[in-house]
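Heads up, the thing below is written out as structure tokens.
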Amino acid sequence: MEAAVKKYQALGVDVEKALEVLQTVSLGVHCWQADDVGGFEHEGAELEGGGIQVTGNYPGKARSLDELRDDILKAFAMIPGTHRLNLHASYGDFSGGWADRDQVGPEHFASWVAWGKQHGIMLDFNATLFSHPKADDGFTLSHKDPAIRKFWVDHVKQARRIAAYIGEKQGSPCIHNIWIPDGSKDIPVDRYGHRKLLKESLDEIMSLDLSRDYVRDAVESKLFGIGSEAFVVGSHEFYLGYSMSRNTLLCLDMGHFHPTESVADKISSFFQFQDELLLHVSRPIRWDSDHVVILNDDLRSLMEELVRAEALGKTHIGLDFFDATINRIGAYAVGSRSAQKALLAALIEPRELLKRYDDAGNYFARLALLEEAKLLPLGEVWDEFCRRNQVPTDRELIDEVMKYEHEVLSRRN
């Protein structure tokens with residue numbers, strides 16, 4: 001570690017300060033990796049419809065809330081730092097009886113709040129507008145049937161009430177995110193009509209007066225989905241306009257744009273006009289496939305922009321990936337830690353020297369230093385961060401995950 005610190009110091013980088021900043025960043029870790037986005041509304045619940053697909057059947061997925069919570073705690077024990085847990089409405093505690101989406105309420109999440117307090121974990125929330133008979137035809141908040149549309153409006157209102165309840169109880173605002181699967185597989189005629197209905201539905205939902213001290217609402221765009229290849233009602237342009245005119249957060253999901261479109265490039269533009277952002281960190285491969293996050297160029301560029309734009313303190317960083325072809329706890333650990341590694345790399349980038357070259361128009365020196373920085377000893381600094389947080393280093397991670405699989409996951413079959 002000492003040799004690594006000296007190399008960074010020579011370029012004007014304060015490694016200790018970077019580690020202090022990284023320690024303060026809480027990821028919003030998603031609950032749905034542990035059970036393949038099934039939820040627990042009823043026994044044997046499985047994901048179906050709504051533009052989402054999970055592939056794989058690796059043994060050991062969580063089959064109950066207790067197993068889910070145990071797996072999440074195990075995953076958190078391998079992720080350095082203190083992090084939040086992001087819940088979907090379909091993950092309520094329905095041990096007292098089933099409730100349909102428009103009737104789900106704070107009482108179904110009281111045990112989650114108690115669990116969060118017990119383990120020092122803050123919670124965030126999502127309305128669940130998929131995997132339901134009333135979402136089977138691909139439309140929810142923009143549905144042309146008023147009865148179906150009202151059902152989903154009522155559901156999201158309830159989700160906002162739940163989020164406000166969580167935020168009040170935990171003493172930290174609960175981020176409530178709205179993503180809908182609405183769209184058309186083939187070319188529609190009435191794009192305007194569906195978007196008008198979506199705007200009206202959202203306005204009705206937001207008319208519920210809740211304190212921003214308890215809940216912060218976000219809207220999440222998408223380019224296309226399974227069954228909505230030709231048209232997505234909640235496009236980036238729609239939600240950008242909605243968020244700016246209605247004072248909600250905008251959620252940018254890394255998998256929800258064209259494969260050649262840079263989410264990182266949006267950061268510097270967005271923060272010219274807004275002062276708070278929600279990110280969903282994922283990894284698309286040719287489409288929004290939600291692969292486990294790895295330390296690739298897209299992720300590094302995103303974190304670099306957050307740091308360079310001094311936007312880190314104004315950005316909520318959530319994770320959104322799910323892979324049922326590998327050990328799910330290992331997926332949590334690799335994906336979450338990769339996001340942190342990318343952020344660490346951005347924090348120990350020789351920014352001041354790079355900016356001086358930038359300002360002086362010395363683009364050769366800028367390019368040469370950017371290339372040099374790629375080979376700086378990031379791994380040694382990362383290992384030190386893991387040791388300080390008493391979590392496994394990368395070299396120790398595989399054995400730790402496989403031990404849990406042998407002792408716990410393999411016995412669920």
Side-chain angles (χ1 to χ4, degrees), residues 1-27 29 74-83 120 264 281 292-313 315 317 319 329-330 332-360 362-404:
M1 175 65 174
E2 184 178 348
V5 168
K6 287 182 178 179
K7 285 189 175 182
Y8 282 104
Q9 280 179 339
L11 296 171
V13 176
D14 187 336
V15 171
E16 284 299 328
K17 182 178 179 181
L19 290 175
E20 288 174 10
V21 173
L22 184 60
Q23 191 71 50
T24 68
V25 177
S26 294
L27 300 177
V29 181
K74 181 60 180 179
F76 273 44
M78 293 184 284
I79 306 168
T82 302
H83 304 287
V281 178
V292 176
V293 171
I294 60 173
L295 187 60
N296 61 10
D297 288 345
D298 289 341
L299 183 60
R300 291 189 69 150
S301 295
L302 179 70
M303 297 303 183
E304 285 167 358
E305 280 301 311
L306 288 181
V307 174
R308 292 170 182 173
E310 298 183 355
L312 189 57
T315 304
I317 304 174
L319 304 176
I329 316 307
Y332 268 133
V334 169
S336 304
R337 290 160 65 109
S338 294
Q340 291 180 292
K341 289 175 187 175
L343 181 52
L344 177 60
L347 290 168
I348 57 178
E349 177 186 64
R351 256 184 340 280
E352 294 305 318
L353 185 52
L354 283 166
K355 192 171 185 305
R356 288 206 295 272
Y357 290 146
D358 215 19
D359 293 342
N362 191 344
Y363 302 144
F364 153 71
R366 181 186 65 187
L367 181 63
L369 182 54
L370 283 169
E371 287 300 294
E372 179 186 353
K374 293 177 181 177
L375 296 182
L376 289 172
L378 170 65
E380 293 179 38
V381 181
W382 169 254
D383 282 350
E384 176 64 17
F385 186 63
C386 289
R387 283 190 286 267
R388 292 183 184 186
N389 280 273
Q390 298 181 309
V391 303
T393 62
D394 286 359
R395 190 83 288 277
E396 299 163 337
L397 183 63
I398 295 174
D399 287 345
E400 187 71 20
V401 170
M402 297 316 297
K403 179 183 178 184
Y404 188 72

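Treat the numbers as computed from the prediction; the structure is a model and nothing was measured.
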Inset, instruction - Give me the one residue out of Leu354, Leu378, Leu376 that meets side-chain contact (heavy atoms from CB on, under 4.5 Å) with Glu349. - result: Leu354
Inset, instruction - Output the distance between atom CD1 (Ile348) and atom CG (Leu19), rounded to the nearest 0.5 Å. - result: 7.5 Å
Inset, instruction - Indicate yes or no for a side-chain donor-acceptor contact from Glu396 to the backbone of Thr393 under 3.5 Å, with no hydrogens or angles considered. - result: yes
Inset, instruction - Could you tell me whether Lys74 atom NZ has more than 12 heavy atoms of other residues or ligands within 6.0 Å of it? - result: yes
Inset, instruction - Apply the test side-chain contact (heavy atoms from CB on, under 4.5 Å) to residues Leu343 and Leu312: give CA-CA distance (whole Å), side-chain angles for both, the deciding distance (0.1 Å), then the verdict. - result: CA-CA 10 Å; Leu343 181 52; Leu312 189 57; 3.9 Å; yes
Legend entry - Stepwise side-chain contact (heavy atoms from CB on, under 4.5 Å) check, Val391 with Ile79: CA-CA 7 Å; Val391 303; Ile79 306 168; over 6 Å; no
Inset, instruction - Using atom types as modelled and distance alone, determine if a side-chain donor or acceptor of Ser26 lies under 3.5 Å from a backbone N or O of Thr82. - result: yes
Inset, instruction - Drop me the distance from Glu2's CD to Gln9's CD, to the nearest 0.5 angstrom. - result: 9.0 Å
Legend entry - Ion pair Glu20/Lys17, N-O distance below 4.0 Å: no
Legend entry - Note: Asp359-Lys355 ion pair, threshold 4.0 Å (strictly below): yes
Legend entry - Between CZ on residue Arg300 and OG on residue Ser338, distance to nearest 0.5 Å: 11.0 Å
Legend entry - Within 6.0 Å of CG in Leu367, more than 12 heavy atoms from elsewhere: yes
Inset, instruction - Might you point out which heavy atoms bring Leu299 and Val281 nearest each other, and give the distance in Å? - result: CD1-CG1, 3.5 Å
Inset, instruction - Could you tell me the separation between the CE atom of Met303 and the CD1 atom of Ile317, rounded to the nearest 0.5 Å? - result: 4.5 Å
Inset, instruction - Ignoring hydrogens and angles, tell me if any N or O in the side chain of Ser336 forms a donor-acceptor pair with the backbone of Ala333 under 3.5 Å. - result: no
Inset, instruction - Identify the two heavy atoms, one from Leu319 and one from Ala339, that lie closest to each other, and give their separation to 0.1 Å. - result: CD2-CB, 4.1 Å
Inset, instruction - May I ask you to decide whether Glu371 forms a salt bridge with Lys374, counting only side-chain N to carboxylate O separations under 4.0 Å? - result: yes
Inset, instruction - Among Leu295, Asp394, Leu27, find the residue that satisfies the side-chain contact (heavy atoms from CB on, under 4.5 Å) test when tested with Arg337. - result: Asp394
Legend entry - Stepwise side-chain contact (heavy atoms from CB on, under 4.5 Å) check, Leu369 with Leu11: CA-CA 9 Å; Leu369 182 54; Leu11 296 171; 4.1 Å; yes
Legend entry - Side chain Asn389, main chain Phe385, donor-acceptor under 3.5 Å: yes
Inset, instruction - Please answer whether the main-chain N or O of Val13 pairs with a side-chain N or O of Arg351 as donor and acceptor at a distance below 3.5 Å. - result: no
Legend entry - Where Pro392 and Ala77 come nearest, the two heavy atoms and their spacing: CD-O, 4.0 Å
Legend entry - Pairwise distance OH(Tyr332) to CZ(Phe76) - rounded to 0.5 angstrom: 8.0 Å
Legend entry - Gln340 side chain vs Pro80 backbone, donor-acceptor pair below 3.5 Å: yes
Inset, instruction - Kindly write out the residues that satisfy side-chain hydrogen bond (donor to acceptor under 3.5 Å, both in side chains) with Glu372, not counting sequence neighbours, or none if the list is empty. - result: none
Inset, instruction - Evaluate side-chain contact (heavy atoms from CB on, under 4.5 Å) for Val25 paired with His83, printing each intermediate quantity in order. - result: CA-CA 8 Å; Val25 177; His83 304 287; over 6 Å; no
Legend entry - Inter-residue atom distance Met1.CE - Glu384.CD, 0.5 Å rounding: 5.0 Å
Legend entry - Salt-bridge criterion met for Arg388 and Glu16 (N-O under 4.0 Å): yes
